[in-house]
Protein chains: 2
Amino acid sequence: MNALFKALNDPTRRAILERLRAGPATAGAIAEQFQFSAPTISHHLDLLRQAELVTSQKQGQFVVYTLNMTVFDELLGWLYQFKS
Amino acid sequence: MNALFKALNDPTRRAILERLRAGPATAGAIAEQFQFSAPTISHHLDLLRQAELVTSQKQGQFVVYTLNMTVFDELLGWLYQFKS
DNA sequence: ATTTTATTTAGACATTTGCCTAAACATTGA
DNA sequence: TCAATGTTTAGGCAAATGTCTAAATAAAAT
């Protein structure tokens, strides 16, 4: 839960998640959309992975990142306790 | 949206929200439940108020904090885009 | 009036965060 | 094998964060 909220508490990381809604993408393709350096984006991706918001698979020299929507359910569950 | 995620990115603040599910409470009553100093809790309450997750009304020398569930809908809306 | 009680504001300090550049690692292609 | 490409790791730095104590503010009680 901590890692989840931490990962979401950054506009760049939230934008990465929104980008991945369109489908999996390589680290490089993701990095192209932002003005930050590749290492910076790599670090953001690492935090998203720690929160299990994304998964990564190595494909040759590329690393493909994919949204993991499973974790959203955990978050929704936490939020729903406030809806009653 | 930024203030919202920022406010949620702290276990003490999330615990305060959960405390307020049981009903409104004064700053002092909230602070009693934690090991932190009153100023620290006051600061957390300030961040929750900035995110509009809580409202506060002064009642005599007390300040009563109340959950504001309205903002949760905004968050649910953001999450929902990932569910399809 | 003065003191007590409730809360916030101010200022300091250590830790965490987000960014960078340089270097390392891993895979592909000449 | 050597060079090019894609990505991560390492290390450094400024800004933000979470905590504290001391002081200020405001209302209540004596």
Side-chain angles (χ1 to χ4, degrees), chain A residues 1-20 22-68 71 75 78, chain B residues 1-20 22-68 71 75 78:
Chain A
M1 210 61 167
N2 249 316
L4 181 53
F5 281 110
K6 174 176 173 174
L8 292 175
N9 185 31
D10 181 272
T12 302
R13 289 194 289 272
R14 293 197 299 274
I16 290 173
L17 293 177
E18 288 168 14
R19 161 65 181 83
L20 290 177
T26 65
I30 294 167
E32 274 178 9
Q33 307 196 328
F34 299 93
Q35 295 180 321
F36 301 119
S37 68
T40 292
I41 297 300
S42 179
H43 180 234
H44 282 313
L45 288 168
D46 187 40
L47 291 176
L48 289 171
R49 202 177 23 188
Q50 282 177 40
E52 296 180 72
L53 285 162
V54 303
T55 57
S56 64
Q57 308 93 34
K58 186 148 196 176
Q59 288 188 5
Q61 61 186 327
F62 300 89
V63 178
V64 176
Y65 284 85
T66 308
L67 250 191
N68 173 28
V71 191
L75 185 48
W78 185 82
Chain B
M1 207 63 169
N2 249 314
L4 180 53
F5 281 110
K6 173 176 173 172
L8 292 175
N9 185 32
D10 181 273
T12 302
R13 288 194 290 270
R14 293 197 298 273
I16 291 173
L17 293 177
E18 288 168 15
R19 162 67 182 82
L20 291 177
T26 66
I30 294 167
E32 273 176 9
Q33 306 195 329
F34 299 92
Q35 295 181 321
F36 300 118
S37 67
T40 292
I41 298 299
S42 180
H43 180 234
H44 282 312
L45 289 168
D46 187 38
L47 290 177
L48 289 171
R49 202 177 23 192
Q50 282 177 40
E52 297 180 72
L53 284 161
V54 304
T55 58
S56 64
Q57 308 93 38
K58 186 148 197 175
Q59 288 187 5
Q61 63 187 326
F62 300 89
V63 177
V64 178
Y65 284 85
T66 308
L67 249 191
N68 172 29
V71 192
L75 184 49
W78 185 82

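Since the model is a prediction, treat every value here as computed from it, not as a measurement. Proteins get letters first, then strands, A, B, ... in listed order; numbering begins at 1 in each.
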### Task
Would you kindly give the CZ-to-C1' distance between A/R49 and D/dT9, to the nearest whole Å?
12 Å
### Task
Using whole Å, report how far CZ of B/F5 lies from P of C/dT17.
17 Å
### Task
Return the 5'-most residue of the pair B/T12, A/A29 with respect to DNA chain D, ranking by each residue's nearest nucleotide.
A/A29
### Query
According to a strict under-4.0 Å criterion, is B/T26 in side-chain N/O contact with OP1 or OP2 of C/dT7?
yes
### Query
Where the side chain of B/R13 meets the backbone of B/K6, is there a donor-acceptor pair that is under 3.5 Å apart?
yes
### Task
Round to a whole Å and report the spacing from CG of B/L45 to P of D/dG18.
13 Å
### Query
In whole Å, what is the span from the CG atom of A/L8 to the C1' atom of C/dT17?
16 Å
### Query
Given atom NE2 of A/H44 and atom C1' of D/dT8, what is their separation to the nearest angstrom?
15 Å
### Query
With respect to the phosphate group of D/dA16, does any side-chain polar atom (N or O) of B/K6 fall under 4.0 Å of OP1 or OP2?
no
### Distance, rounded to the nearest Å, where A/N9 contributes CG and C/dT16 contributes C1'
12 Å
#### Entry: Toward the 5' end of DNA chain C, by each residue's nearest nucleotide, B/I41 or A/D10
B/I41
#### Entry: Under-4.0 Å side-chain N/O to phosphate OP1/OP2 contact, A/Y65 with D/dT8
yes
### Task
Could you check whether A/F34 gets within reach of a base, just the sugar-phosphate, or nothing at all, counting any heavy atom under 4.0 Å?
nothing
### Query
When you check the phosphate oxygens OP1 and OP2 of C/dC19, does a side-chain N or O of A/S37 lie under 4.0 Å from one of them?
no
### Which atom of B/V54 lies closest to which atom of B/L45, heavy atoms considered
CG2-O, 4.2 Å
### Query
Heavy-atom count around A/E52 CD within 6.0 Å, excluding the residue itself: above 12?
no
### Task
Measure from the side-chain heavy atoms of B/L47 and tell me the nearest of D/dG18, C/dT8, D/dG6.
D/dG18
### Contact summary for B/I41 and B/I16, nearest pair of heavy atoms
CG2-CD1, 4.4 Å
### Message
If you assign A/G60 and A/T40 each to the DNA chain C nucleotide with the nearest heavy atom, which residue ends up on the more 5' nucleotide?
### Response
A/T40
### Message
Output the rounded distance in Å from CZ (A/F36) to P (C/dC20).
### Response
6 Å
### Message
Taking CD in A/Q57 as the centre, count heavy atoms belonging to other residues, nucleotides or ligands within less than 6.0 Å. Is the count above 12?
### Response
yes
### Task
Would you indicate what B/H43 reaches in the nucleic acid, counting non-hydrogen atoms under 4.0 angstrom: base, sugar-phosphate, or nothing?
base
### B/K58 NZ to D/dA27 P, straight-line distance once rounded to whole Å
5 Å
